[in-house]
Amino acid sequence: MGHPAILTVDDDPSVSRAIARDLRRRYGENYRIIRAASALEALDALRELKLRGGRVAIMLADYRMPQMNGIEFLEQAMDLFPYARRALLTAYADTDAAISAINLVDVDHYLLKPCDPPEEKLYPVIDALLDAWLETGERDQEELRVVGHRWSEPSYQLRDFLTRNLVPYQWLSADDPEGRRLLDAAEVGPEAIPLVVTADGRAMAQPSTSEVAAAAGLSTAADRDFYDLIIVGGGPAGLGAAVYGASEGLKTLLVERQAIGGQAGQSSRIENYLGFPDGISGGDLTTRARRQVGRFEAEVLNARDVTGLRVDGSARTLTFDDGAEVSAHSVVLATGVAYRPLVADGVSELTGSGIYYGSAASEGPACQGAEVYIVGGANSAGQAAMYFSRFAKRVTLLVRGDSLESSMSYYLIQQLHNKDNVQVRTRCEVIAAEGEGHLQAITVCDSKDGRTSTVECGYLFVFIGAEPRTDWLGEAVARDGRGFVYTGPDLLTNGTRPKGWDRDRDPFYLECSVPGIFAAGDVRANSVKRVASAVGEGAMAVTLVHRYLEAQ
Ligand SMILES: Cc1cc2nc3c(=O)[nH]c(=O)nc-3n(C[C@H](O)[C@H](O)[C@H](O)COP(=O)(O)OP(=O)(O)OC[C@H]3O[C@@H](n4cnc5c(N)ncnc54)[C@H](O)[C@@H]3O)c2cc1C
């Protein structure tokens with residue numbers, strides 16, 4: 001992020017120029033010398049530097065300046081750069097003031113102007129200040145910085161988005177001094193959180209996910225208006241379709257609203273996917289798939305929500321939440337499922353403030369020493385229990401059914417059994433959540449005896465049944481009562497083709513009730529909810545897209 005700065009501020013131009021020149025001559029190779037003609041100009045320069053993630057090694061301030069004297073300036077400057085070493089430039093007559101500043105406020109040194117010759121009067125002091133600064137150290141800032149609050153839902157959403165998209169960032173609490181310094185530098189208050197500051201110093205208060213995605217270098221705009229194939233959803237099914245589509249020469253666009261990897265990306269360890277005998281984390285699998293998609297040059301749009309689908313003759317047009325559109329000859333719906341909300345008193349108010357859906361990997365370290373509860377009895381809940389057991393004091397799995405055996409894989413049940421800090425409570429339901437500003441306790445009802453108990457709980461992760469959220473598809477795409485998309489043989493009623501079907505053939509195996517639109521993975525009615533089957537269906541959908549295009 002460039003060299004650290006040495007700043008000098010003096011309203012007397014000839015002195016200021018001479019000091020800056022001398023500093024540049026000796027330190028210019030390793031330090032950036034910034035010269036300001038007034039305290040206000042210097043504070044502006046420091047604010048900009050703060051936002052850009054720059055570092056300041058030394059601040060030299062003239063004692064007598066018109067708007068603000070040097071001591072007042074250094075006190076304000078310290079709020080922005082507390083590690084910078086500080087010196088006052090004084091005339092002989094002000095020596096006493098300078099000495100008392102050293103004693104009373106936190107100024108390291110004073111220098112008598114005009115500091116000539118510099119070898120005697122300037123450099124020894126600067127060398128000593130640099131030595132002191134180098135010892136305390138301050139690191140370069142090359143990543144996004146996020147200032148937020150631990151228990152704020154929008155701050156959590158942003159952290160989750162960045163973590164799931166594997167974007168490196170530095171998290172700063174608005175309550176911590178450095179977080180406050182960044183808010184000050186951006187000239188906003190705590191109401192502006194989450195505040196994102198980019199490596200080049202741009203501050204964004206409460207940005208949308210697509211603004212953050214763009215700032216993090218993720219692509220958010222399509223290169224073309226028309227593609228051979230658009231895939232909606234970047235989970236295993238969508239990624240499978242993108243790799244096969246692009247590798248077989250189709251102009252392919254994949255659109256993802258949240259994070260590439262989908263549900264699988266949230267898994268702490270997938271142990272039953274072929275080819276990974278020791279298991280693989282969802283993040284790792286996603287990184288590999290993302291690279292593969294890039295290698296075959298499929299285009300990926302991040303943080304874009306598809307909200308509408310229209311048939312325009314032979315074109316299939318998708319609309320985004322901001323009204324933009326993109327069209328293709330064919331579409332693969334690979335939108336998977338999202339967790340169903342937990343309905344209990346207090347839950348919606350505390351969601352994002354201790355209650356989370358899915359495994360929320362970003363919260364792992366924060367759970368250190370906490371009582372963690374997980375609702376759900378499927379593999380996803382079991383994996384989360386294993387993951388959080390690394391951090392939490394204790395993890396309790398709350399399962400509605402009689403046992404885990406009917407819903408969780410045998411290997412996971414064994415792993416949980418062997419963990420000392422994991423316990424399983426069956427036939428239990430959460431009926432209330434409470435806390436001041438963040439989750440502190442939950443009330444659990446035990447259906448074996450109907451008793452309720454309120455227990456201390458810092459974190460609750462919810463993994464209950466999932467739903468497809470396909471309302472945006474409208475009437476044209478036939479779905480079952482829960483919203484899962486019907487395909488192929490499921491669309492035929494006693495051999496009769498679906499309403500509005502205009503081809504003299506039956507729908508292909510993964511084709512929906514609209515020709516040229518296919519569904520793959522968890523969103524498909526009666527699909528197997530597994531990574532392998534989703535990837536397989538994604539690949540198969542591309543073969544059927546070829547068949548469809550050949551017949552056009
Ligand atoms: C924590 C966890 C652990 C799991 N562990 C295993 C395991 O060990 N083994 C196994 O086989 N299976 C496992 N599963 C199940 C497996 O992950 C899923 O079956 C698989 O991810 C389904 O893939 P998919 O592509 O169909 O859908 P998803 O993975 O759900 O992906 C769908 C994607 O579409 C995006 N999307 C949705 N709507 C839109 C829209 N309108 N516009 C743009 N994008 C949209 C979503 O954001 C999402 O990223 C696990 C699931 C979870 C949650």
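By convention here, the first residue in the shown sequence is residue 1. Indexing begins at 1, ligand by ligand and atom by atom, following the structure's order. Being a predicted model, the structure only gives us computed values, none of them experimental.
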Original post:
Quick one: does ligand 1 sit under 4.0 Å from the side chain of V232, the backbone, both or neither, non-hydrogen atoms only?
Top reply: side chain

Original post:
For atom 39 (C) of ligand 1, is the nearest protein heavy atom under 4.0 Å away?
Top reply: yes

Subject >> Nearest atoms (heavy-atom pairs only) where V375 meets L460 >> reply: CG2-CD1, 3.6 Å

Original post:
Tell me, do R269 and L412 make a side-chain contact under 4.5 Å, heavy atoms counted?
Top reply: no

Subject >> Closest heavy-atom pair and its distance - I374, F463 >> reply: CG2-CD1, 3.8 Å

Subject >> Six-ring centre of Y486, K499 cation under 6.0 angstrom, axis tolerance 45° >> reply: no

Original post:
Do R224 and E299 sit within salt-bridge range, that is, some charged N less than 4.0 Å from a carboxylate O?
Top reply: no

**OP:** Verify whether the ring centers belonging to F508 and Y548 lie closer than 6.0 Å.
**Re:** no

**OP:** Measure the shortest side-chain to side-chain distance between Q368 and F391 over non-hydrogen atoms and say whether it is less than 4.5 angstrom.
**Re:** yes

Subject >> Q266 N/O to ligand 1 N/O under 3.5 Å >> reply: no

Original post:
For ligand 1, which atoms sit closer than 4.0 Å to a heavy atom of A334?
Top reply: 32 (C), 33 (C), 34 (O)

Subject >> Identity and distance of the protein heavy atom lying nearest atom 30 (O) of ligand 1 >> reply: Q263 NE2, 2.8 Å

Subject >> Proximal atoms of ligand 1 relative to G234 (non-hydrogen, under 4.0 Å) >> reply: 33 (C), 34 (O)

Subject >> Sub-4.5 Å side-chain heavy-atom contact between H329 and L229 >> reply: no

Original post:
Looking at side-chain heavy atoms only, is the closest gap between V535 and L239 below 4.5 Å?
Top reply: no

Original post:
To the nearest 0.1 Å, how far is atom 16 (C) of ligand 1 from its closest protein heavy atom, and which atom is that?
Top reply: V531 CG2, 3.8 Å

Subject >> Minimum heavy-atom distance S155-H149, with the two atoms named >> reply: OG-N, 3.2 Å

**OP:** Would you check if the distance from the ring center of W151 to the ring center of Y356 is below 6.0 Å?
**Re:** no

**OP:** Identify which of G336, A378, G521 has a heavy atom lying nearest to atom 27 (O) of ligand 1.
**Re:** G336

Original post:
Taking NZ, NE, NH1 and NH2 as the nitrogens, is one of them in R505 or E511 under 4.0 Å from a carboxylate oxygen of the other?
Top reply: yes

**OP:** Output yes when the distance from some N or O of ligand 1 to some N or O of D522 is under 3.5 Å, and no in every other case.
**Re:** yes

Subject >> Sub-4.0 Å heavy-atom contact, G265 with ligand 1 >> reply: no

Subject >> Heteroatom distance test (I270, ligand 1): nitrogen or oxygen, under 3.5 angstrom >> reply: no

**OP:** Looking only at protein heavy atoms, identify the closest one to atom 2 (C) of ligand 1 and say how far it is in Å.
**Re:** S380 CB, 3.3 Å

Subject >> Proximity winner for atom 17 (O) of ligand 1, if only heavy atoms of G376, A259, A264 are counted >> reply: A264

**OP:** Among all protein heavy atoms, pick the one closest to atom 25 (O) of ligand 1 and tell me residue, atom and distance.
**Re:** A237 N, 2.9 Å

**OP:** Distance to 0.1 Å, residue and atom name: give those for the protein heavy atom nearest to atom 42 (N) of ligand 1.
**Re:** V306 N, 3.1 Å

Original post:
Knowing that exactly one of D490, D506, D504 qualifies, which makes a salt bridge (Lys or Arg N to Asp or Glu O under 4.0 Å) with R497?
Top reply: D506

Original post:
If you measure from each heavy atom of R304 to ligand 1, is any distance below 4.0 Å?
Top reply: yes

Original post:
Under 4.5 Å between any side-chain heavy atoms of L473 and R479, yes or no?
Top reply: yes

Subject >> Side chain, backbone, both or neither: the part of N272 lying under 4.0 Å from ligand 1 by heavy atom >> reply: side chain

Subject >> Y339, portion touching ligand 1 at heavy-atom distance under 4.0 Å >> reply: side chain

Original post:
Contact between N379 and ligand 1, counting heavy atoms under 4.0 Å?
Top reply: no

Original post:
Are any of the N/O atoms in E271 less than 3.5 Å from those in ligand 1?
Top reply: no

Original post:
What is the closest protein heavy atom to atom 45 (C) of ligand 1, and at what distance does it sit?
Top reply: R257 CG, 3.8 Å

Subject >> Ligand-side contact atoms (ligand 1) for residue partner V255, heavy atom cut-off under 4.0 Å >> reply: 43 (C), 44 (N)

Original post:
So, R427 and D446, do they make that salt bridge, N to O below 4.0 Å?
Top reply: no

Subject >> Protein heavy-atom partner closest to atom 46 (C) of ligand 1 - residue, atom, separation in Å >> reply: E256 OE2, 3.5 Å

Original post:
Nearest to atom 6 (C) of ligand 1 by heavy atom, Q383, K529, R469: which?
Top reply: Q383

**OP:** Could you tell me the separation between the OG atom of S247 and the CZ atom of F296, rounded to the nearest 0.5 Å?
**Re:** 5.0 Å

Subject >> Pairwise distance CG(L301) to CZ(F320) - rounded to 0.5 angstrom >> reply: 5.5 Å

Subject >> Under 4.0 Å to a heavy atom of V337 - the qualifying atoms of ligand 1, by number >> reply: 30 (O)

Original post:
At what distance is the nearest protein heavy atom to atom 31 (O) of ligand 1, and which residue and atom is it?
Top reply: G235 CA, 3.4 Å

**OP:** Ignoring hydrogens, just give me the one of G233, A534, S533 whose non-hydrogen atom is nearest atom 34 (O) of ligand 1.
**Re:** G233

Original post:
Looking only at heavy atoms, is any part of Y273 under 4.0 Å from ligand 1, and if so is it the side chain, the backbone, or both, or is it neither?
Top reply: neither

Subject >> Distance filter under 4.0 Å to R530 heavy atoms, resulting ligand 1 atoms >> reply: 10 (C), 11 (O), 12 (N), 19 (O)

Subject >> Close side-chain approach of Y373 to I442, heavy-atom, < 4.5 Å >> reply: yes

**OP:** Just jot down the ligand 1 atoms closer than 4.0 angstrom to any heavy atom of G262, in number order.
**Re:** 29 (O), 31 (O), 48 (C), 49 (O)

Original post:
Do protein heavy atoms approach atom 14 (N) of ligand 1 to less than 4.0 Å?
Top reply: no

Original post:
Hey, is ligand 1 close enough to F463 that some N/O pair sits below 3.5 Å?
Top reply: no

